[in-house]
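Worksheet: the structure to be examined is printed underneath.
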There are 2 protein chains.
Amino acid sequence: MAGTEDNTRERLLDQAERLFSEKGFAAVSVREITNASQCNLAAVNYHFGGKQKLYLAVFKERWAKRAQKLQKSFIQALAGKQQPDLEEVISAMARAFLEGPLTDSERRNHIQLMQRELSNPGQAMGMIVQQVMRPFIQNLVSMIRPCLSREVEDERLRIYVLSMLGVVLYFFLARPAVSGILNQEYDQRFKSELVSHITAFCLNGMQALNQER
Amino acid sequence: MAGTEDNTRERLLDQAERLFSEKGFAAVSVREITNASQCNLAAVNYHFGGKQKLYLAVFKERWAKRAQKLQKSFIQALAGKQQPDLEEVISAMARAFLEGPLTDSERRNHIQLMQRELSNPGQAMGMIVQQVMRPFIQNLVSMIRPCLSREVEDERLRIYVLSMLGVVLYFFLARPAVSGILNQEYDQRFKSELVSHITAFCLNGMQALNQER
DNA sequence: GTCTATAGCAGGATAGAC
DNA sequence: GTCTATCCTGCTATAGAC
């Protein structure tokens with residue numbers, strides 16, 4: 001009685017995550033989710049208590065775990081270094097988002113889902129900011145601080161870290177537009193070119209912190 | 001017969017733009033739009049031929065015009081200079097998006113609507129990319145090229161311009177998240193601090209183009 | 001735990017009076 | 001050009017058999 005263990009529930013979470021990230025909460029119907037999960041319409045209510053609660057469960061049981069995985073892979077990439085330099089930190093961050101431990105579709109789902117919630121705050125946004133983004137940013141801040149040649153307040157440093165995240169995430173979110181503008185598919189070659197570019201751009205951008213202002 | 005001239009149609013476009021940008025296409029009902037516009041349910045069908053076509057009309061008749069206004073204000077800001085330097089170009093760009101000629105709510109509607117379409121391409125995306133973004137980016141490219149100390153191919157320069165746009169737009173789109181992370185309202189003081197920050201960050205970031213690679 | 005069946009309601013669209 | 005009334009589809013949620 002512990003072998004099968006709620007396979008339906010898992011399939012529902014999988015498909016719900018995929019569909020919500022592709023189309024957004026309102027554009028997805030429970031029928032679409034249960035059909036894709038090859039289970040019955042009533043299953044959503046039985047397992048989660050409604051569409052809205054399923055949405056929340058996707059964040060709590062799937063999204064948050066992936067976010068941890070992503071951050072662990074970022075930390076792992078820097079684990080060898082005693083004191084990584086700025087370039088290493090930035091490149092590891094860009095790589096975590098663009099080439100990290102997730103599959104392509106996982107990555108897309110993960111980031112699109114986050115963006116939907118961040119620009120259209122619902123009940124999951126508090127959790128995302130408090131439990132995932134704040135710690136991650138604080139983590140970056142404390143890795144970057146020793147690389148700088150001047151004392152910089154936390155608050156100012158956080159804005160810089162947000163700017164770097166902005167660059168990375170934007171190449172993701174506006175992916176269809178970027179493809180259209182550059183006439184460029186997001187293949188493996190282009191993605192690693194992007195990592196180089198982002199690293200160079202942000203590395204130079206961060207130098208503003210080392211200047212008088 | 002040319003004085004009143006379809007006031008209802010205009011109100012519908014106004015309210016549709018606001019609601020679509022706040023909640024997204026699927027989450028808004030025709031009833032919600034017509035109530036907000038203080039007109040009848042059937043008006044959407046009469047004037048536009050359906051909800052989907054109203055959505056498209058919002059982009060064609062409202063969004064595109066605002067985009068032009070925004071770009072004109074950007075060009076205007078640089079009109080005095082014979083050859084603006086890089087800092088002036090970047091600061092004018094950031095200002096156009098963050099403090100430009102639109103009211104706060106116009107700006108929010110405009111950018112959120114764009115982002116919804118860019119990350120979730122529908123029928124309006126082609127128009128946005130071809131008629132608005134491509135020309136704007138090409139414009140930026142040709143203003144920036146003379147500021148550089150090296151020859152740079154168009155393609156490479158476009159990626160840099162996209163990165164700058166990424167920074168600017170991200171501070172907009174993730175506004176609720178940024179507020180939560182920094183514990184900071186988007187008041188006038190903070191917005192002009194953002195413009196300074198973005199200018200400094202991007203100005204330095206662009207220096208990567210002047211380096212060997 | 002999974003299914004069928006259905007209640008109950010909100011959605012987009014349209015016909016036709018004015 | 002605007003309104004009312006209504007059609008019909010599709011939605012979420014639930015009751016109850018198995």
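Throughout, protein chains are lettered first and strands after them, A, B, ... in sequence-line order, and every chain is numbered starting at 1.
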Problem set entry | Rounded interatomic separation in angstrom, taking CD from A:Gln52 and P from D:dA13 | 9 Å
Problem set entry | Residues in contact with DNA chain C, drawn from residues 23-36 of chain A - heavy-atom cutoff 4.0 Å | none
Exercise. Quick one: salt bridge (charged side-chain N to carboxylate O under 4.0 Å, His left out) pairs with a partner in residues 93-105 of chain A, sequence neighbours left out?
Worked result: A:Arg95-A:Glu99, A:Asp104-A:Arg107, A:Asp104-A:Lys191
Seminar exercise, completed: Rounded to whole Å, the CG-P distance (B:Leu12 to C:dG12) equals 13 Å
Seminar exercise, completed: By ring-ring contact (aromatic ring centres under 6.0 Å, His included), A:His47 pairs with (sequence neighbours left out) none
Seminar exercise, completed: When rounded to whole Å, the CD to C1' distance for the pair A:Glu10 and C:dT2 reads 17 Å
For this session: For A:Asn7 and A:Arg11, test the side chains for any donor-to-acceptor distance below 3.5 angstrom and give the result as yes or no.
Result: yes
Exercise. Of the residues in residues 37-50 of chain A, which ones touch DNA chain C at a heavy-atom distance under 4.0 Å?
Worked result: A:Cys39, A:Asn40, A:Ala42, A:Tyr46, A:His47
For this session: Quick one: do B:Phe59 and B:Leu113 satisfy side-chain contact (heavy atoms from CB on, under 4.5 Å)? Show the steps, please.
Result: CA-CA 9 Å; B:Phe59 275 95; B:Leu113 208 49; 3.7 Å; yes
Indicate every side-chain donor-acceptor pair of residues 133-141 of chain B with a distance under 3.5 Å to a residue at least two apart or in another chain.
unit_1, atom_1, unit_2, atom_2, d
B:Arg134, NH2, A:Gly180, O, 2.9
B:Gln138, OE1, B:Arg158, NH1, 3.2
B:Gln138, NE2, B:Asp154, OD2, 2.9

Problem set entry | Short side-chain N/O contact to C:dG1 OP1/OP2 from A:Thr8, under 4.0 Å | no
Exercise. Between B:Lys53 (NZ) and C:dA13 (P), how many Å, whole number?
Worked result: 9 Å
Seminar exercise, completed: Here the salt bridge (charged side-chain N to carboxylate O under 4.0 Å, His left out) pairs for residues 163-172 of chain B, sequence neighbours left out, are none
Exercise. Under the side chain to side chain contact (heavy atoms under 4.5 Å, CB included) test, which residues partner B:Ser179, sequence neighbours left out?
Worked result: B:Tyr186
Exercise. Which residues pass the side chain to side chain contact (heavy atoms under 4.5 Å, CB included) test with A:Ala27, sequence neighbours left out?
Worked result: A:Lys23, B:Ala26
Seminar exercise, completed: Sequence neighbours excluded, the answer for side chain to side chain contact (heavy atoms under 4.5 Å, CB included) partners of A:Ala16 is A:Phe20, A:Ile33, A:Leu54, A:Val58
For this session: Please name all residues satisfying ring-ring contact (aromatic ring centres under 6.0 Å, His included) with B:Tyr46, sequence neighbours left out, ordered by chain then number.
Result: none
Exercise. Dot-bracket for DNA chain D, 5' to 3', with Watson-Crick and G-U pairs under 3.5 Å, [ ] for crossing pairs and | for other-strand pairs: what is it?
Worked result: ||||||||||||||||||
Problem set entry | Qualifying salt bridge (charged side-chain N to carboxylate O under 4.0 Å, His left out) pairs with a residue from residues 43-62 of chain B, counting only residues at least two apart or across chains | B:Arg9-B:Glu61, B:Glu10-B:Arg62, B:Asp14-B:Arg62
